[in-house]
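Report on the following structure.
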Amino acid sequence: MPQHPSEGTRRHRPSSALARAARDLAAAGVVSARAEAELLAAYVLQVPRGRLALADGFTDSQLDVYHTLVARRAQQEPLQHLTGSAGFRHLELAVGPGVFVPRPETELLAGWGVERARQVDRAGGAPPLVVDLCSGSGAIALSVAHEVPAARVVAVERSPAALSWLRRNAAARVAAGDRPIEVVEADATDPDLLAELVGRVDVLLCNPPYVPQAVAVPPEVAGHDPAEAVFGGTDGLAVIRPVVDRAAALLRLGGGLGIEHDDSHGTAVPGLLTAHGGYASIADHHDLAGRPRFVTASRRADRPAPDPAQTWQTGSS
């Protein structure tokens, strides 16, 4: 983290540096060049972006740091890796190499999960039990824990590198006063996943790897996000299929399921839930750009969980 300058140090007004940075980033193909130039400047100067105009300016050393960060961003290194954090709903999460950087569109799925958990909480009885599969940095799990304080939240992640970031963020949220979440190292496709929670989960959320293998992704993703957190096999459904099956076993009757998916899956993923037979109220939802982005459903209260072996065969056909 950049250090505050001592009094009397020569300063450079941010305006010219910002203008140069915005030009360099735009030339490198960064879409929101001016905004990102400002965000990097705010990071270096340790001020909110909205107060840049009131900042004292860069010291010589801060200006060097700023130019270095801008050059790295121009080489398609993610902004969040440069600042070490990503905003998600009401939280700031630590991110970096080895973990998927949470995206704004996933905030919609998290918001749906928060509202579903609140409905359970308002109904009284035991605190809502929420499971977040493929948790990564913990964005969804920690948002639910922050916004639904009564909830018991279980976050599942298999990648050792991602688990390190997840545990770091979980500890930071406890230090900030949130209820601790439970972190489980496991594979979301394991047919015996969370066996002790079968039939007890109120809300199950999942932002799995879902990009089809042959799809070209932006350089920030290709070069920095872990491939195992991005690509979901040939058709992008390699993780979603077993999650659909396992969720049916874990959810209580009437429990809610939410799964993020690729924008090409607006028909395919609801189709998997329909074919499974264990879900009702299946609905697909668009992101802020109007693209199909996540599906929600409720565990049917009139039908027990089908045999996992049979549903796997059905979902894979």
Side-chain angles (χ1 to χ4, degrees), residues 1-104 106-107 136-139 142 146 161-162 164-177 217-226 229-230:
M1 173 67 70
Q3 299 298 310
H4 284 296
S6 60
E7 292 188 18
T9 305
R10 185 168 69 97
R11 300 174 187 272
H12 304 265
R13 294 178 63 84
S15 55
S16 60
L18 279 170
R20 172 185 164 185
R23 288 195 300 270
D24 290 348
L25 293 178
V30 175
V31 176
S32 303
R34 178 69 188 192
E36 295 203 15
E38 292 177 355
L39 287 167
L40 287 172
Y43 168 70
V44 171
L45 292 171
Q46 298 187 60
V47 298
R49 178 185 170 194
R51 296 187 62 83
L52 274 175
L54 304 176
D56 291 335
F58 295 104
T59 65
D60 290 341
S61 61
Q62 286 177 324
L63 191 60
D64 289 342
V65 170
Y66 182 60
H67 289 326
T68 298
L69 292 175
V70 170
R72 289 170 62 186
R73 182 67 188 99
Q75 293 298 315
Q76 309 302 327
E77 190 168 347
L79 174 70
Q80 296 86 350
H81 283 200
L82 299 176
T83 62
S85 69
F88 189 86
R89 290 182 66 83
H90 305 292
L91 306 179
E92 282 291 328
L93 303 169
V95 295
V99 71
F100 185 80
V101 174
R103 304 307 202 257
T106 305
E107 295 186 16
S137 65
L142 293 169
H146 178 68
S164 177
W165 292 102
L166 172 55
R167 291 187 173 113
R168 174 178 171 179
N169 285 319
R173 292 313 311 164
V174 170
V217 294
E220 291 91 340
V221 177
H224 299 278
D225 278 326
V230 176

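Atom-to-atom distance recorded for Leu166:CG and Leu142:CG is 6.5 Å, nearest 0.5 angstrom. Here CG of Leu79 is found 9.5 Å from CD of Glu220. Values are rounded to the nearest 0.5 Å. How far CD of Glu92 is from OG1 of Thr83: 7.5 Å, rounded to the nearest 0.5 Å. The CG atom of Leu82 sits 10.5 Å away from atom OG1 of Thr68, with the distance rounded to the nearest 0.5 Å.
A pairwise comparison of heavy atoms in Ser85 and Val95 identifies C-CG2, 3.9 Å as the closest pair. When every heavy atom of Phe58 is checked against every heavy atom of Ala17, the shortest pair comes out as CE1-CB, 4.0 Å. The shortest non-hydrogen separation linking Ala229 to Phe100 is CB-CB, 3.9 Å. Here the shortest heavy-atom pairing between Ala33 and Ala26 reads CB-N, 3.5 Å. Contact between Ala37 and Ala21 at its shortest, heavy atoms only, is CB-CB, 3.9 Å. Shortest non-hydrogen contact noted between Leu25 and Ala74 is CD2-N, 3.8 Å.
Panel note: side chain Glu107, backbone Arg89; a donor-acceptor pair is recorded below 3.5 Å. Not a single donor-acceptor pair under 3.5 Å links the side chain of Glu77 to the backbone N or O of Ala71. At least one donor-acceptor pair under 3.5 Å links the side chain of Asp225 to the backbone N or O of Val101. Counting only distance, with no hydrogens or angles, the side chain of Asn169 and the backbone of Leu93 share no donor-acceptor pair below 3.5 Å.
Taking the side chain as every heavy atom from C-beta outward, Thr106 and Phe88 approach each other to under 4.5 Å. In this structure the side chain of Arg72 reaches within 4.5 angstrom of the side chain of Leu69, judged on heavy atoms. Residues Arg73 and Leu39 fail the side-chain proximity criterion, which asks for heavy atoms closer than 4.5 Å. Using a 4.5 Å heavy-atom threshold, the side chains of Arg34 and Leu18 count as touching.
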In sequence, state the C-alpha distance, the side-chain angles, and the governing distance for Arg168 and Val99, and then conclude on side-chain contact (heavy atoms from CB on, under 4.5 Å). CA-CA 12 Å; Arg168 174 178 171 179; Val99 71; over 6 Å; no
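When the ring-ring contact (aromatic ring centres under 6.0 Å, His included) test is applied to His224, the partners found at least two apart in sequence or on another chain are His81. Annotation: salt bridge (Lys or Arg N to Asp or Glu O under 4.0 Å) contacts of Arg23 (sequence neighbours excluded): none. Remark: Arg173 pairs with Asp178 by the salt bridge (Lys or Arg N to Asp or Glu O under 4.0 Å) rule, at least two apart or across chains.
Few gaps surround CZ on Arg49; more than 12 heavy atoms of other groups in view lie less than 6.0 Å from it.
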